[in-house]
Amino acid sequence: MMASVAAAPPSAELSEPPRAFASGKQQDRELLAATPLRARPRPSRLAVRITALRGAGPRLAETASELGIDSIGDLLWHLPHTYRDRSALSEIGELRIGQEATVEVEVRSVKLRPTRRRRLTIVEATVADESGPAKAVWFNQPWLAEQLAGGTRVLLSGKLDRSGFKVSAHEVVGDEPDDGVPPAGLHTTGIVPVHPASARLRPQKLRDWAWQALAFARHAIEPLPSSLRQKLELAAVGDALAAAHFPSDLAEADVGRQRLAFEELFLHQAALASRRSKHDAARRAPALDPPGELTPAWIKSLPFGLTADQSRAVEEIDTDLAGERPMQRLLMGEVGSGKTVCALYAMLRAVESGHQAALMAPTETLAEQHFQTLERLLAGAGLPSATLLTGSTSAARRREALAHLANGQLELVVGTHALIERDVEFARLALAVVDEQHRFGVNQRAALDSKGPGDAAPHTLHMTATPIPRTLSMTAYGDLDVTALHELPAGRRPVKTWVVGEEKRSGAYEFIRERLREGRQAFVVCPLVSESDKLQARAATKEGERLAKGEFRDFEVDVLHGQMKADDKQRAMGRFASGETDVLVATSVIEVGIDVPNASAMVIEEADRYGLSQLHQLRGRVGRGEYESACILFADTEAEAATIRLETISSERDGFKLAEVDLSLRGEGEILGTRQHGLPRFRAATLPRDSGTLLRARDEVLALLHRHGSLDAPELGPLMDAARMRFGDERAEPIAA
Ligand code: ADP
Ligand code: MG
């Protein structure tokens with residue numbers, strides 16, 4: 001598959017120590033020189049700090065550290081993000097203005113040209129090849145005037161413009177280079193790799209280091225079982241690294257990178273699978289009886305029929321609950337997709353078979369809302385005993401609740417972190433629901449997981465209102481079973497969405513006033529100020545005052561932001577829900593929470609600051625009733641890229657699809673919350689580009705698991721060691737450790 005490897009790295013590695021070793025880095029030098037030539041691979045040598053390399057002093061090493069590069073191994077995995085094709089040398093005579101090229105020339109004369117600007121120096125040289133002379137120009141490298149004597153042969157990469165050939169990289173073509181010193185042409189000829197660099201650590205430096213580091217690539221551990229490598233025709237890791245850094249052509253670079261991406265995704269999937277099977281093996285959960293009378297009757301009593309997605313979720317939950325393997329299911333669906341109904345079903349199933357159930361939400365507001373929903377929807381089921389437990393629960397009520405949870409009198413509890421405090425004990429907790437699961441830490445989820453009876457673990461249903469595409473969820477939630485709710489419940493109307501510029505502002509307010517006069521209500525969402533909740537709160541307050549005196553002076557305006565006290569928030573929401581206020585000026589806190597069917601219009605300021613998924617969630621706060629609803633996005637329409645991105649949201653209503661667009665346009669890091677969702681930082685793999693590779697990696701992990709019965713089989717030792725080393729504790733794990 002990968003026949004040859006390009007530029008040969010220094011082969012007789014360190015038989016002659018590179019120059020830097022002559023100058024005092026004694027320790028590194030001994031460590032490196034200790035290995036005889038052609039010895040067995042020694043992975044520990046990849047841990048050697050980069051200061052062992054020529055041209056890597058302590059200052060630059062510090063800068064490199066900011067890029068995540070400390071060791072030679074880090075450098076090997078710091079892959080080029082692009083390549084420049086300099087495989088053809090040009091002749092001076094054939095260059096056109098504006099053309100980028102590499103030429104090989106002889107320096108005729110060189111001089112430092114005076115300039116008026118103190119910070120600017122220009123070195124000018126007359127250079128020539130067989131086709132003729134040209135003027136070459138360097139900026140801010142005055143020492144070159146001394147270095148480049150007449151007669152020197154140099155390779156120049158750069159661009160021809162009217163004032164001459166502007167050099168971006170040059171290399172002196174000389175005698176055979178010393179050992180450990182890259183050959184001339186590394187930076188200017190062939191396929192030139194460009195590594196992600198920084199202002200103080202330029203690509204040329206990184207390229208030089210990468211070339212030196214490649215001598216150590218053969219010490220990289222090969223984590224992939226050889227049978228798998230044969231089956232999939234994958235090169236050895238060392239060859240793949242060489243191909244990715246210094247390929248002979250672009251196809252080879254791609255093959256190398258894909259091989260590394262496969263390894264990464266494969267190790268990650270293996271780590272997740274092993275974590276899950278450990279959790280499964282460690283503790284049993286109570287196997288629940290099949291549905292009795294309570295739950296079917298309850299479903300019938302609901303004022304609506306379940307959507308097809310909800311029915312499927314309920315079936316999958318039933319299957320999970322019937323077993324002793326602790327359920328670890330993630331219910332993924334945007335706000336309003338009907339997750340809570342599914343969660344209540346699971347909770348009722350626990351109660352029905354004589355157990356207790358708990359629902360934990362990240363905020364008091366959410367907990368209260370869930371509790372209200374529970375009371376409303378369970379009224380028809382002959383409400384089991386239930387209570388709300390949050391930080392604001394009075395001491396007396398808390399004492400009573402704890403007593404009743406411990407003796408089993410209380411069957412259902414909804415709450416916040418208050419639920420996982422040490423003194424909260426359950427008589428027989430069989431089901432735990434974690435809403436907005438990414439907002440809890442590993443320890444908090446583990447604490448809930450430990451509240452099961454005796455050694456048993458509760459079945460756990462995780463919920464998230466952030467839909468992400470399947471390939472992402474396989475990496476972020478690879479150790480959970482995922483159920484997605486795509487379909488919105490009947491009765492939800494599409495929200496008409498427009499992206500507009502400043503010039504439409506007064507028209508937009510008039511549009512909103514019309515709705516208000518018809519008796520509807522509206523949201524105004526203030527700009528996202530990511531640096532500070534305080535600033536954001538202040539902005540919302542100011543905007544509220546402005547609108548109350550200005551555009552909406554004939555209406556009731558109220559403000560809602562995250563810095564308000566819980567009571568005040570509650571009151572503001574209550575007034576809006578009851579129709580007392582017409583316009584709610586809010587920060588993005590309304591994203592979770594509010595359900596007001598009479599609200600039919602929304603304005604979002606500086607919409608280009610938000611991700612598509614986030615805008616979609618915000619927009620989901622309107623269109624919940626019988627009225628035609630509208631969402632107006634204010635954005636800087638001069639910024640074309642942002643406008644194109646935002647236009648997608650006018651036509652697309654599926655949150656999963658919007659997340660996919662976000663993903664392909666902005667990269668995985670930008671999708672709302674994916675960082676918190678525990679996506680690891682991959683070094684070779686990029687999603688969604690490598691979706692196919694991910695699916696293959698997952699299949700192969702499952703095949704291994706199937707063949708060996710467990711990933712703990714001794715012959716998988718090296719693989720699992722590598723998986724743990726790479727992904728062991730990097731991500732927040734949903735499953736208790
Ligand atoms: P989520 O928890 O995903 O935000 P909820 O379960 O709170 O969604 O449901 C949102 C609203 O839609 C609630 O008022 C709920 O009663 C209602 N609802 C849920 N499922 C359906 C359905 N199948 N048909 C109609 N309305 C539904
Ligand atoms: Mg909800």
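Both counts, for ligands and for their atoms, begin at 1 and track the order of listing.
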Student: Quick check: does any side chain N or O of Asp280 sit under 3.5 Å from a backbone N or O of Arg325, one acting as donor and the other as acceptor?
Tutor: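 Pair absent, no side-chain N/O of Asp280 close to backbone of Arg325.
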Student: Among the heavy atoms of Thr373, does any lie under 4.0 Å from an atom of ligand 1?
Tutor: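 Heavy atoms of Thr373 never come under 4.0 Å of ligand 1.
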Student: Any chance you could measure Ser629, atom OG, to Lys496, atom NZ, to the nearest 0.5 Å?
Tutor: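 Here the rounded value is 10.0 Å.
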Student: Can you list the atoms of ligand 1 that are under 4.0 Å from a heavy atom of Thr307?
Tutor: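 What qualifies from ligand 1 is 23 (N).
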Student: Under 3.5 Å, is there a donor-acceptor pair between the side chain of His462 and the main chain of Leu330?
Tutor: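 No.
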Student: Does at least one non-hydrogen atom of Gly305 fall below 4.0 angstrom from an atom of ligand 1?
Tutor: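 It does, in that a heavy atom of Gly305 comes within the 4.0 Å cut-off of ligand 1.
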Student: Is it the side chain, the backbone, both or neither of Leu485 that has a heavy atom closer than 4.0 Å to ligand 1?
Tutor: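 It is neither part, as no heavy atom is under 4.0 Å.
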Student: Closer than 3.5 angstrom, by distance alone: can the side chain of Arg349 be matched with the main-chain N or O of Asp289 as a donor-acceptor pair?
Tutor: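 Looks like yes, one N/O pair under 3.5 Å.
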Student: For Gly333, state whether at least one heavy atom is located under 4.0 Å from any atom of ligand 1.
Tutor: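 Flag not set, Gly333 not near ligand 1.
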Student: Between Phe576 and Phe523, how do the two ring planes meet: parallel, tilted or perpendicular, split at 30° and 60°?
Tutor: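 Ring orientation, 0 to 90° scale: tilted.
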Student: So which of Met463, Lys339, Gln617, His370 gets nearest to atom 3 (O) of ligand 1, if we judge by its closest heavy atom?
Tutor: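 Selected option, by shortest heavy-atom distance: Lys339.
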Student: Quick one: which ligand 1 atoms are inside 4.0 Å of a heavy atom on Glu334?
Tutor: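 Checking each atom against Glu334, I get 3 (O).
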Student: Heavy-atom count check: over 12 atoms from other residues, nucleotides or ligands less than 6.0 Å from Glu293 CD?
Tutor: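 No, not enclosed.
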